[in-house]
Each structure stands twice: as structure tokens, then as C-alpha cells.
Amino acid sequence: MTPRALDRGARAELPDVTPAGRLRSRHLLGIDGMDAGEIALILDTAEAMQEIAARPIKKVPALRGRTVVNLFFEPSTRTRTSFEIAEKRLSADSLSIASATSSVTKGETLLDTVRNLEAMAPDMIVMRHASSGAPHLLARTCRSAIVNAGDGTHEHPTQALLDAFTIRQHKGRLAGLKVAIVGDLLHSRVLRSNALLLNIMGAEVWACGPSTLMPAGIDRLGVRATTSVDEAVAGADVVMLLRIQHERMHGHFVPSVREYFTLFGMTPERVRRAKPDVIIMHPGPMNRGVEIDSEVADGPYSVILEQVSNGVAVRMAVLYLLAGPDGQDLRDGGMR
Amino acid sequence: MPQVMDADRMSRALTRIAHEILERNRGLDEIALVGIRTRGVPLARRLAHALKEINGDDVPTGALDITLYRDDLMRHPVGPQPVVRRTEIPFSIDDRKILLVDDVLYTGRTIRAALDALIDFGRPRAIQLIALVDRGHRELPIKADYVGKNLPTSLKQSVRVRLQEIDGADEIVIEEEA
């Protein structure tokens with residue numbers, strides 16, 4: 001990271017939203033239920049956290065004495081590493097449990113696993129689970145603050161926040177941008193969280209994929225759905241690609257990987273239909289030659305690795321903001 | 001709400017501090033100013049400007065946010081997490097003399113946090129402290145090297161520094177708490 005001009009305030013770039021003073025929920029379960037002020041607060045805090053990565057000693061004492069458990073019931077390299085680094089940079093004590101090595105394989109239920117962890121008094125639990133709603137279940141029964149690191153096909157809020165952070169760094173704003181999300185819409189928690197967040201922040205969201213991978217009621221997410229990639233990409237400020245999720249496909253959704261690439265793969269020709277200053281994003285892991293051409297993935301407009309770096313700053317912001325001492329939930333209806 | 005310093009006197013106090021800095025450090029090589037957010041930052045910039053007027057040298061200037069180093073973080077019974085803003089120190093502090101700038105010196109806890117934060121950026125040759133106002137009531141063994149004005153206060157009072165860059169006017173006032 002290059003040194004920036006003194007006092008290049010994040011606020012000056014974001015004239016449209018005033019950040020909230022605090023998050024209303026003590027958990028981060030999803031983008032659903034958040035407002036623009038809360039999102040702006042997280043993004044602004046992440047802006048401050050980002051500078052820590054450029055220091056000789058990349059560590060601040062903010063979460064000293066706090067214990068964070070990373071509970072991952074699904075394989076994850078990027079997200080888990082990102083949370084672990086974020087926790088260490090904030091001086092929290094953290095440990096990671098992967099389901100393959102835990103007693104889950106011995107037949108313990110999710111609630112029993114978590115109750116046992118809670119008996120050791122952690123302050124926060126970061127959880128990824130294959131079932132939609134699993135972190136919400138924990139939030140209703142646990143004392144710890146719960147951070148959703150991806151639940152089934154439901155939400156992946158920190159991914160949407162880091163995507164928004166990356167877009168804001170490049171475009172200076174979110175409102176009024178055309179964002180095209182292309183790929184496996186049906187199985188994507190990234191789509192859901194991103195569509196919700198971008199809508200709250202006033203962007204125009206297009207979702208594009210084969211009709212077999214288009215969830216019913218997709219318009220309720222506030223997106224314009226199309227099966228034409230050319231229409232979705234035309235004049236776009238941001239093109240976000242979603243992975244074809246083989247592991248969640250228990251049926252025949254696309255005839256072949258080659259056919260998918262021919263019809264929906266992001267090629268340099270397709271990118272040329274977007275705005276000249278378009279940025280190309282991918283939450284990872286990428287399938288080169290399936291949803292994205294290597295030339296695009298490595299092209300000058302690709303911000304895919306920036307997304308990964310920004311993930312640490314955004315997760316630091318979330319952990320810091322949720323680590324406040326008051327355990328009350330300010331939202332109507334309590335836990336969400 | 002008695003005013004204890006107006007724009008004119010504030011400007012003279014800063015000019016005097018700039019002269020004291022030159023006197024004490026024999027030149028400005030290896031010196032850098034770091035302002036503590038919020039109001040230490042414009043004060044540091046004004047001092048850099050004053051030093052340039054006197055000596056012609058540019059002094060590197062940075063901004064330090066101490067929120068993540070506060071000793072009361074996570075200890076408030078209620079209330080939101082304090083807002084974190086960006087620290088910007090666009091130069092190496094190794095082997096430099098760092099002049100740390102704050103508006104009001106009170107308990108000394110902010111300065112303790114700032115010292116911890118600075119050390120994470122490197123190993124300065126020395127750190128000197130500049131405060132526009134020293135109002136007393138120290139809770140830690142910390143003393144300023146340069147003071148704009150010593151202001152005896154009671155614990156019931158609060159000292160408010162207003163600066164043109166942030167508040168639209170230069171003045172220092174004492175407010176009695178209700």
C-alpha cells in the first residue's frame with residue numbers, strides 16, 4: 001500500500017450516507033435487516049483498519065483478552081484465514097475448529113458442539129455451516145456474539161461488505177452504479193448478501209445466469225434478472241462473477257462446462273461491453289475457463305486479489321464493532 | 001463560558017512553540033510532527049507551517065488515531081464502540097525526533113495510548129510532547145515539553161479547544177458542567 005495524502009478522509013468520498021453511531025445487533029447474521037448507516041459505519045471503520053496492514057507491527061491491542069472461536073463446518077481457506085488474520089491483528093485470542101477434525105464427525109449435534117464451546121466462555125463465534133440459518137439458531141441460544149461466515153445458500157455478509165468496500169475504493173461511491181452479477185445464482189449466498197447490500201446502498205443490480213440456475217422469486221432480492229450476459233454487462237461499472245458450485249449441484253443444471261463458458265464465461269470481448277473503467281470481481285475460488293477467462297482474471301481491470309486483502313480490514317471492522325461491552329440487541333424483535 | 005484564548009493569542013502561542021522547537025532541537029533535520037486526532041492534526045499542520053516560515057524547512061507531518069489503544073476500550077458498561085479513524089504517518093519514524101501534538105493535556109491517558117501506538121510504527125530517536133493547553137489533573141507520569149498555556153482547572157470544568165479547520169473559529173473556552 002502506498003502512503004496516502006494526509007487526511008484523505010473516507011468521509012469525503014461518501015457524501016451520500018451518514019455512518020451510524022453503532023451497529024444495532026450484537027451479531028452479524030446477514031445483510032438482511034441492516035441499514036445504510038450501519039453499512040457505512042463498517043466500511044468507514046474498515047478504511048481505518050486497512051492502514052494497520054501497512055505498519056511494521058501489524059497489530060493493535062483493541063481486542064486484547066477477547067476469545068474468538070472460528071467454527072467451520074464447510075471447507076474454506078480464504079474466509080477462515082482472513083478471519084484468523086483479522087483476529088490476530090486485533091490481538092484477540094483465536095482458535096479454529098474444522099469440522100473434519102472435530103467431534104461433529106462422532107455424531108454430536110451442532111447445538112451440543114456449540115454449548116460445549118460456550119462452556120469455555122468465548123466472546124465471539126465465527127461460523128460457517130452448510131445449512132442456511134444455522135448461525136441464526138446459535139444466536140438464539142448463545143451468549144457469544146455470532147458472526148456468519150457463510151450459511152448454506154443464504155448469506156455471506158462479510159463477503160458482501162468487502163465487495164462493497166472494494167467497489168467504494170475504486171468508484172468512490174456505491175449509489176447509482178450498475179453492478180452485474182453473473183454465474184450460479186441459485187446456490188449463491190454471495191449473490192444474496194451482495195444484492196441486499198447494493199440495493200440498500202442505492203446501486204442498480206443485475207443478475208445473470210442460465211435459467212436452470214436462477215432461483216424462484218429472484219426479483220424479490222431487488223435485482224433485474226436476465227439470461228443475456230450481454231445485456232447484464234452492457235455499460236456496467238462492476239462485473240462480479242460467481243463460481244459454478246459443483247459441490248452444491250445435485251442435478252443437471254448446465255449441459256457442460258464448455259457450454260457454460262461459451263454462453264456465460266467472462267471473456268475480454270464481453271468485458272468490452274462494460275464501461276471502460278469497469279472492475280472485475282470474483283469472491284473465489286475461481287474456476288478458470290468456466291465462469292471466467294484467464295485473460296480477464298489476470299487483466300488490468302481485475303480487482304480479485306484486492307478483494308482478498310480488503311477482506312481482512314473489513315473483518316477487523318466487524319469484529320471491533322461487535323466486540324463492544326454491551327450485550328444488548330437494539331433491534332426490534334431481538335436477534336436476527 | 002469564559003474564553004481563555006482568542007485566535008490572536010492562539011496564533012502567537014503556536015509561533016512561540018515553533019521557536020522553542022527550533023531552539024531545543026538545533027535545526028529541523030530528523031524532526032517530524034504527529035498530531036493526535038482530532039484537533040492535534042490541524043495544530044500539527046499549523047506548527048509545520050510556522051516552522052517553515054521561520055526556517056524554510058518542510059517538516060513531515062502525520063496524523064495518529066489512538067482509539068484502538070485506549071485503556072478504556074471494552075470497559076464502558078454501555079455505549080457504542082468509539083469511532084476509529086485512519087492513522088496516516090507517510091514517513092518512517094525510525095531514528096527521527098517525533099513531536100507529538102495534542103490540543104488538551106489532562107489525565108495523560110491519551111498520550112500513553114499515543115506513545116504505544118507510535119512505538120508500533122518504529123523506534124523514534126526521541127518523542128517530545130506539545131500541548132496547546134495543559135489543564136493539570138494528571139493520572140499518569142506524563143509531562144509536556146512545550147505548552148501553549150497552563151490552565152488551572154477544577155475537575156468539574158471542561159476545556160474546549162475550537163479550531164478554524166474543524167469548528168470554524170479559533171478559541172479556547174472553559175465550560176462549567178451542570
Side-chain angles (χ1 to χ4, degrees), chain A residues 1-13 18-24 26 37-38 40-66 89-92 123 313 316-328 330, chain B residues 32-46 48-49 58-94 101 112-124 165-166:
Chain A
M1 203 178 70
T2 52
R4 288 157 197 268
L6 193 64
D7 238 6
R8 174 196 146 274
R11 213 123 320 158
E13 298 169 358
T18 311
R22 68 186 309 163
L23 302 181
R24 285 171 298 150
R26 55 183 290 254
E38 291 177 291
L41 172 65
I42 295 174
L43 299 184
D44 282 3
T45 306
E47 197 75 55
M49 296 293 183
Q50 197 182 36
E51 171 270 326
I52 294 166
R55 298 185 187 179
I57 296 176
K58 301 174 181 55
K59 203 176 180 77
V60 293
L63 262 62
R64 227 152 34 107
R66 298 287 167 128
R89 294 216 171 132
L90 290 171
S91 302
D123 298 287
M316 285 171 78
V318 166
L319 292 166
Y320 168 75
L321 292 169
L322 291 180
D326 54 330
Q328 62 204 338
L330 302 177
Chain B
L33 287 153
V34 173
I36 299 176
R37 286 195 190 274
T38 305
R39 285 175 182 73
V41 177
L43 288 175
R45 256 188 240 126
R46 288 192 203 181
H49 184 75
D58 279 309
V59 181
T61 308
L64 185 65
D65 186 88
I66 57 107
T67 310
L68 297 168
Y69 292 82
R70 282 168 60 156
D71 60 6
D72 56 353
L73 207 60
M74 316 288 170
R75 282 175 201 261
H76 294 288
V78 286
Q81 289 282 69
V83 173
V84 187
R85 280 158 308 164
R86 212 179 165 90
T87 289
E88 303 185 50
I89 302 184
F91 47 83
S92 164
I93 70 164
D94 282 331
V101 187
R112 196 283 309 164
L115 293 173
D116 277 356
L118 266 183
I119 299 300
D120 281 357
F121 283 84
R123 187 175 186 278
E165 295 90 327
I166 295 166

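In what follows, every chain begins at residue 1, and chains take the letters A, B, ... in the order their sequences are listed. The shown structure was predicted, so the numbers you read here are calculated from the model rather than taken from an experiment.
Residues A:Y320 and B:Q81 approach most closely at O-NE2, 2.6 Å, considering heavy atoms. Taking both residues in full, the closest heavy atoms of A:I57 and B:I119 are given as CD1-O, 4.4 Å, listed atom of the first, atom of the second, then distance. In this structure, A:A48 and B:R86 approach most closely via the heavy-atom pair CB-N, 3.7 Å. Summarising the geometry of A:G21 relative to B:P80, their closest heavy-atom pair is O-CB, 3.5 Å, with the distance given to 0.1 Å.
Considering CG of B:L73 and CG of A:L63, their distance stands at 8.0 Å, rounded to 0.5 Å. The NZ atom of A:K59 lies 13.0 Å from the CG atom of B:L68; values are rounded to the nearest 0.5 Å.
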> Run the side chain to side chain contact (heavy atoms under 4.5 Å, CB included) check on B:T87 and A:R55 step by step: do they pass?
Replying inline: CA-CA 10 Å; B:T87 289; A:R55 298 185 187 179; 3.8 Å; yes

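Both the backbone and the side chain of B:D120 have a heavy atom closer than 4.5 Å to some heavy atom of chain A. For B:S92, no part sits under 4.5 Å from any heavy atom of chain A, backbone or side chain. Residue A:K58: no heavy atom, backbone or side chain, is found under 4.5 Å from chain B.
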